[in-house]
Amino acid sequence: MKLLNLVEKVDVIEIKGSPDMEIRGIAYNSKAVGKGYIFVAIEGLITDGHNYISDALARGAEVIFVTKNIEIIENVVIVRVKDTRVALSALSSAFYGNPSEKLELIGVTGTNGKTTTSYFIQSILSTGIKNIGLIGTIGVVVNNKLVPTTHTTPESLELHGLFNSMVEAEVEVCIMEVSSHAIKLKRINDCDFNIGIFTNLTHEHLDFHKTMEVYYQVKRQLFLMTDRFNIINNDDPFGNRLVKDLINRKNGLVTYAIKTKGDITADDIILNHSGSQFTIVTPTGKIRIQIDFPGRYNIYNCLAAAACAFAMGIDLNKIKKGLEAIKSIPGRFEIVPTYRNFDVIIDYAHTPDGFENLLDTVREFAKGRIIIVFGCVGERDPSKRSVMGKIAAHYSDLCVLTTDNCRSEDPQKIIDDIKKGFSADTSYIEILDRALAIRYAILKNKQDDTILITGKGHELRQIIGNQVLYFNEKDIIQKSICELPK
Ligand SMILES: CC(=O)N[C@H]1[C@@H](OP(=O)(O)OP(=O)(O)OC[C@H]2O[C@@H](n3ccc(=O)[nH]c3=O)[C@H](O)[C@@H]2O)O[C@H](CO)[C@@H](O)[C@@H]1O[C@H](C)C(=O)N[C@@H](C)C(=O)N[C@H](CCC(=O)O)C(=O)O
Ligand SMILES: Nc1ncnc2c1ncn2[C@@H]1O[C@H](COP(=O)(O)OP(=O)(O)OP(=O)(O)O)[C@@H](O)[C@H]1O
């Protein structure tokens, strides 16, 4: 494709050199540049892509996109723009032939429940559609194959590459988790969203957004991009505000709720330790559902998925079939078989609200003690650590404090931050080595205990310093169980 055509939708300030040239690829990291590529220099949060222009040129870049004034370089086209992240997104979409326009694109956002809701929608849609694409925290699904990714919402270049693979694989619908980082950093600027879903908004990522107000305003942008309808949790205070904010938009608005008013609601709820039963009530009928996921929060996730399916015109029997078909989601309230008289549950809860919902659910049905093995991640929102400590202390009988992706931070310092939420009578032990912490909880179990291991969920890695180490909680659990007397 010619540079001339690629820049059609880019807001260009100035071009030095002729744009009438063929482009072979695009890169925003100099290390990924090849011959005939565009290198997009991004002023990042850690370093500045402009510092790597000479590296990009040495690797064969023939065009560079910049925000700064750069001297003319022989045989290199220099394109100056206001914001290179915006340009990267527009270029990437154009390079792949605007593939998101060829898909039904559903964006799911909110602090918690994005992955679960996406899996519920996938299960409902798969009652009628064979090939569904998925982009999210657990990975990317194209052609029914799951590939792990580094980001919940990838960078725009990777995103449009994925949409393109989906179009080639004849995917009809793509369900995509949209993180607030992705919105703020313009990764989704050129995604052609048809449907937007808002699950909830609670304390998270305040290191990045600073205030809940900014966090909300960022999330809100997704709902101004959709052209069919928006699905919103009316019980959530920020969701309720979003409903009011969107009232003048021309596309459809479908609300769901349990406590307040909603187009889609749940009645006659029965919660138990292994799942829930409830009736989904819609404007055109109702149906009884039984799901294998415990906790009221999962009823919200079901309602979000059901509201989306309902708005897409899918009948209630298919909605029921889809919601009931899904038996587990990796790392989301995943019960690990122990074949003993105690339970072990792995869960991805890593925000105060997710943590409280999970612990509240377990507390309601626990026959014995609750032992929670957890830590908080490094280099991310330290303000949530003591809040999570307080919640853990309130609901559990023993906290086993340990390490969770501490990155460059001192894991002991993170634990000390968590402990600020403890009270004088909180029962806890500190075991920095996560494998030993899990082993400790299992070896110390008593009859009817529930051991909750939170934070990692589906992840198979531990990030310590700048090392990414293989870490498999299920293996550690099984090995520890083998050490117990028969
Ligand atoms: C805070 C954040 O989101 N940062 C993202 C951002 O990085 P940045 O702006 O700091 O980039 P930088 O490291 O300063 O580098 C600037 C530029 O120099 C370039 N460079 C750098 C080195 C080099 O040798 N050559 C070179 O060209 C880089 O490629 C980049 O373009 O842009 C990068 C490129 O797209 C992302 O990889 C990076 O994600 C970091 C690694 C990250 O961890 N992000 C997390 C917080 C994130 O996005 N999480 C959300 C989910 C959150 C949740 O809900 O839990 C997600 O969607 O995954
Ligand atoms: N609707 C909800 N409300 C509150 N907490 C929830 C909800 N759904 C799930 N959780 C909790 O949050 C954890 C993560 O769930 P899920 O992966 O669905 O959320 P997510 O928004 O995709 O998270 P992330 O963006 O970090 O991947 C679950 O393991 C559970 O403990």
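Counting convention: from 1, in listed order, for ligands and their atoms alike.
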Which protein heavy atom lies closest to [atom], and at what distance to 0.1 Å?
{"atom": "atom 4 (C) of ligand 2", "value": "N357 ND2, 3.1 Å"}
{"atom": "atom 14 (C) of ligand 2", "value": "Y348 CD2, 4.0 Å"}
{"atom": "atom 30 (C) of ligand 1", "value": "Y28 O, 3.9 Å"}
{"atom": "atom 20 (P) of ligand 2", "value": "K114 N, 3.5 Å"}
{"atom": "atom 19 (O) of ligand 2", "value": "G113 N, 2.9 Å"}
{"atom": "atom 16 (C) of ligand 1", "value": "T47 O, 3.4 Å"}
{"atom": "atom 40 (C) of ligand 1", "value": "H151 NE2, 3.6 Å"}
{"atom": "atom 7 (C) of ligand 2", "value": "Y297 CD1, 3.5 Å"}
{"atom": "atom 3 (N) of ligand 2", "value": "N200 ND2, 3.4 Å"}
{"atom": "atom 27 (O) of ligand 2", "value": "T137 OG1, 2.6 Å"}
{"atom": "atom 57 (O) of ligand 1", "value": "S179 OG, 2.7 Å"}
{"atom": "atom 12 (O) of ligand 2", "value": "N112 OD1, 3.6 Å"}

Tell me the closest heavy-atom pair linking [X] and [Y], and the distance in Å.
{"X": "Y28", "Y": "E158", "answer": "OH-OE1, 2.9 Å"}
{"X": "N405", "Y": "I463", "answer": "OD1-N, 2.9 Å"}
{"X": "R380", "Y": "R385", "answer": "O-NH2, 3.7 Å"}
{"X": "D190", "Y": "A90", "answer": "OD1-N, 3.3 Å"}
{"X": "A41", "Y": "T84", "answer": "O-OG1, 2.8 Å"}

Can you tell which of [options] gets a heavy atom nearest to [atom]?
{"atom": "atom 29 (O) of ligand 2", "options": "L452, D347, T153", "value": "D347"}
{"atom": "atom 22 (O) of ligand 2", "options": "T116, T115, I345, I346", "value": "T115"}
{"atom": "atom 52 (C) of ligand 1", "options": "H205, E158, K114, R407", "value": "H205"}

Using a 3.5 Å cut-off on N or O atoms only, is [X] in polar contact with ligand 1?
{"X": "Y52", "answer": "no"}
{"X": "L45", "answer": "yes"}
{"X": "T153", "answer": "yes"}
{"X": "L185", "answer": "no"}
{"X": "S30", "answer": "yes"}

is_close_aromatic([X], [Y]), centroid dist under 6.0 Å:
{"X": "H50", "Y": "Y52", "value": "no"}
{"X": "H160", "Y": "F95", "value": "no"}
{"X": "F355", "Y": "H350", "value": "no"}

I'd like to know if [X] and [Y] make a salt bridge, using a cut-off of under 4.0 Å between side-chain N and carboxylate O.
{"X": "D11", "Y": "K82", "value": "no"}
{"X": "R363", "Y": "D397", "value": "yes"}
{"X": "R332", "Y": "D347", "value": "no"}

Side chain, backbone, both or neither: which part of [X] comes within less than 4.0 Å of ligand 1 when only heavy atoms are counted?
{"X": "E43", "value": "neither"}
{"X": "A182", "value": "neither"}
{"X": "T137", "value": "neither"}

**OP:** Mind running side chain to side chain donor-acceptor pair (under 3.5 Å) on T67 and E43 for me, showing each step along the way?
**Re:** CA-CA 8 Å; T67 50; E43 287 178 74; 2.7 Å; yes
Residue-ligand contact [X]/ligand 1, heavy atom below 4.0 Å:
{"X": "E177", "result": "no"}
{"X": "R85", "result": "yes"}
{"X": "R187", "result": "yes"}
{"X": "R380", "result": "yes"}

For ligand 1, which atoms sit closer than 4.0 Å to a heavy atom of [X]?
{"X": "E155", "answer": "34 (C), 35 (O)"}
{"X": "K31", "answer": "23 (C), 24 (O)"}
{"X": "I46", "answer": "10 (O), 13 (O), 14 (O)"}

Original post:
Using a distance-only test with no angle check, is there a side-chain donor-acceptor pair under 3.5 angstrom linking Y300 and D235?
Top reply: yes
Subject >> Close approach of T117 to ligand 2, heavy atoms, under 4.0 angstrom >> reply: no
Subject >> Close approach of N301 to ligand 2, heavy atoms, under 4.0 angstrom >> reply: yes
Original post:
Mind checking whether T152 has an N or O less than 3.5 Å away from an N or O of ligand 2?
Top reply: no
Original post:
Is atom 33 (C) of ligand 1 less than 4.0 angstrom from some protein heavy atom?
Top reply: no
**OP:** Specify whether the nearest protein heavy atom to atom 54 (O) of ligand 1 is under 4.0 angstrom away.
**Re:** yes
**OP:** Drop me the distance from R241's CZ to R220's CZ, to the nearest 0.5 angstrom.
**Re:** 8.0 Å
Original post:
How many angstroms lie between OG in S100 and CG in L162, if you round to the nearest 0.5 Å?
Top reply: 12.0 Å
**OP:** For ring-ring contact (aromatic ring centres under 6.0 Å, His included), just list the numbers for F193 and F223, CA-CA rounded to whole Å, side-chain angles, deciding distance to a tenth of an Å, and then say yes or no.
**Re:** CA-CA 9 Å; F193 286 105; F223 302 91; 9.2 Å; no
**OP:** Kindly assign one of parallel, tilted or perpendicular to the pair H209 and Y215, based on the angle between their ring planes and the thresholds 30° and 60°.
**Re:** parallel
